[in-house]
Amino acid sequence: MNKAQRNINIIMMLLFSAYAIYSIIYNSASIFFIIYLFWFDELIRNVSLLIQVRMHREDPKNIREFTRQKAISNIKTRFFFLFIYSVFIVLVFGLFFHLAQDEKDALIKNVQIFMFHDISFNVCLMIAIVREILQIRSTSLRRDEPIPTFTAMSGHLITLHLSIIFGAFLWAFTSGKFVNFSFSLGLLNKYAIILPFFLIKFLVDLYAINHSEKDKTVLDTLQNH
């Protein structure tokens with residue numbers, strides 16, 4: 001990744017995070033809003049990655065170990081994980097949690113998000129789409145360069161996976177479903193639950209941008225230590 005594209009990615013990451021946090025504070029965004037947004041951001045990222053890989057020109061005289069076919073196979077595996085996560089996110093975070101507490105207003109809000117009728121959610125998606133369009137444009141100018149090595153499970157997917165688990169536990173504790181372990185911060189409950197997700201995602205995104213030139217994901221780094 002060249003310096004200009006790296007700076008663009010950082011700016012888009014800051015815009016994405018800033019507007020999402022604004023939505024949390026001023027537009028009463030829910031945990032479903034955040035995790036579903038994370039899921040969509042990863043979906044957009046991998047659709048973009050698939051386009052970039054297909055744009056790559058392989059030199060028949062210089063076949064590398066990490067080929068276009070291997071890259072596409074890894075992306076397909078990511079799409080499989082994303083499909084599984086989407087079912088869990090929509091059914092559990094979007095429906096079950098609010099039905100369990102009879103929160104009709106929150107349930108209606110989630111339906112609006114799912115149907116793309118929530119302006120804040122749509123703006124965040126547009127920022128992610130613009131980011132990937134710029135990334136595709138940058139890649140189109142470097143089609144002959146080797147495809148950066150990446151695994152089927154990316155650092156962003158790991159973040160999404162941990163967010164789902166962490167979010168389920170936090171909801172259970174703060175909702176009072178587990179009386180012996182329940183806790184509450186009153187009006188700060190929403191921020192205490194949601195903001196840690198953004199801190200983790202922000203750090204993972206920043207790490208990925210700063211280390212992209214080394215052709216490593218977070219998982220690659222962990223596997224080599």
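Worth knowing before you read on, the calculation uses all heavy atoms, side chains too, and leaves out hydrogens, waters and symmetry mates. Numbering of residues begins at 1 and proceeds along the displayed sequence.
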Worksheet entry | Backbone of Pro146 reached by a side-chain donor or acceptor of His56 within 3.5 Å | no
Item to complete: Check Leu37 against Cys124 and note the closest heavy-atom contact, atom names and distance.
Response: CD1-CB, 3.6 Å
Discussion item. Under 4.5 Å between side-chain heavy atoms, counting indirect links through other Ile/Leu/Val/Met/Phe/Trp/Tyr residues: same cluster for Val130 and Ile136 or not?
Written reply: yes
Worksheet item: Okay, side chain of Asn46, backbone of Leu49: is any donor-acceptor separation there less than 3.5 Å?
Response: no
Worksheet item: Under the side chain to side chain contact (heavy atoms under 4.5 Å, CB included) criterion, do Phe116 and Leu125 qualify, and how do the steps go?
Response: CA-CA 10 Å; Phe116 302 105; Leu125 290 186; 3.7 Å; yes
Response to the item:
Looking only at heavy atoms, the pair that brings Met55 and Thr139 closest together is CE-C, 4.2 Å
Worksheet item: Going by atom types alone, do Arg142 and Ser138 pair a side-chain donor with an acceptor below 3.5 Å?
Response: yes
Worksheet entry | Verify same cluster id: Phe38, Phe79 (apolar side-chain graph, 4.5 Å) | yes
Worksheet item: Cut-off 3.5 Å, side chains only: do Gln52 and Ser48 have a donor facing an acceptor?
Response: yes
Discussion item. Within this structure, what is the CG-CD distance for the pair Asn122 and Gln112, rounded to the nearest 0.5 Å?
Written reply: 11.0 Å
Worksheet entry | Within 6.0 angstrom of Leu14 CG, more than 12 heavy atoms from elsewhere | yes
Discussion item. Nearest 0.5 Å, please: how far is NZ in Lys70 from CZ in Phe150?
Written reply: 9.5 Å
Fill in: Spatial distance of atom CZ (Phe96) from atom CZ (Phe32) [nearest 0.5 Å]
15.5 Å
Worksheet item: Would Ile108 end up clustered with Phe114 when hydrophobic side chains under 4.5 Å apart are linked, directly or stepwise?
Response: no
Item to complete: Nearest 0.5 Å please: distance from the CE atom of Met13 over to the CG atom of Asp41.
Response: 11.5 Å
Worksheet item: At what distance, to the nearest 0.5 angstrom, does CD1 of Ile147 lie from CZ of Arg68?
Response: 7.0 Å
Practice prompt. Provide the closest heavy-atom pair for Ala152 versus Leu157 in the form atom of the first, atom of the second, distance.
Written response: O-CD1, 3.8 Å
Mind listing the side-chain donor-acceptor pairs of residues 83-90 below 3.5 Å, one per line with the distance, residues two or more places apart or on another chain?
{"unit_1": "Tyr85", "atom_1": "OH", "unit_2": "His161", "atom_2": "ND1", "d": "2.9"}
{"unit_1": "Ser86", "atom_1": "OG", "unit_2": "Phe83", "atom_2": "O", "d": "2.6"}

Fill in: Aromatic ring pairing Phe40/Tyr36, orientation class (parallel under 30°, perpendicular over 60°, tilted between)
perpendicular
Item to complete: Please confirm whether the backbone N or O of Leu160 pairs with a side-chain atom of Trp39, one donor and one acceptor, at under 3.5 Å?
Response: no
Worksheet item: Rounded to the nearest 0.5 Å, how far does CZ of Arg45 lie from CG of Leu50?
Response: 15.0 Å
Fill in: Same cluster (ILVMFWY, side-chain, under 4.5 Å), Leu134 and Leu141
no
Discussion item. Can you confirm whether more than 12 heavy atoms, excluding those of Asp144, are under 6.0 Å from its CG atom?
Written reply: yes
Worksheet entry | Residue pair Arg54, Ile72: steps toward the side chain to side chain contact (heavy atoms under 4.5 Å, CB included) verdict | CA-CA 8 Å; Arg54 290 190 177 278; Ile72 292 175; 4.1 Å; yes
Item to complete: Give the minimum heavy-atom separation between Leu107 and Gly94, together with the two atoms involved.
Response: CD1-O, 3.4 Å
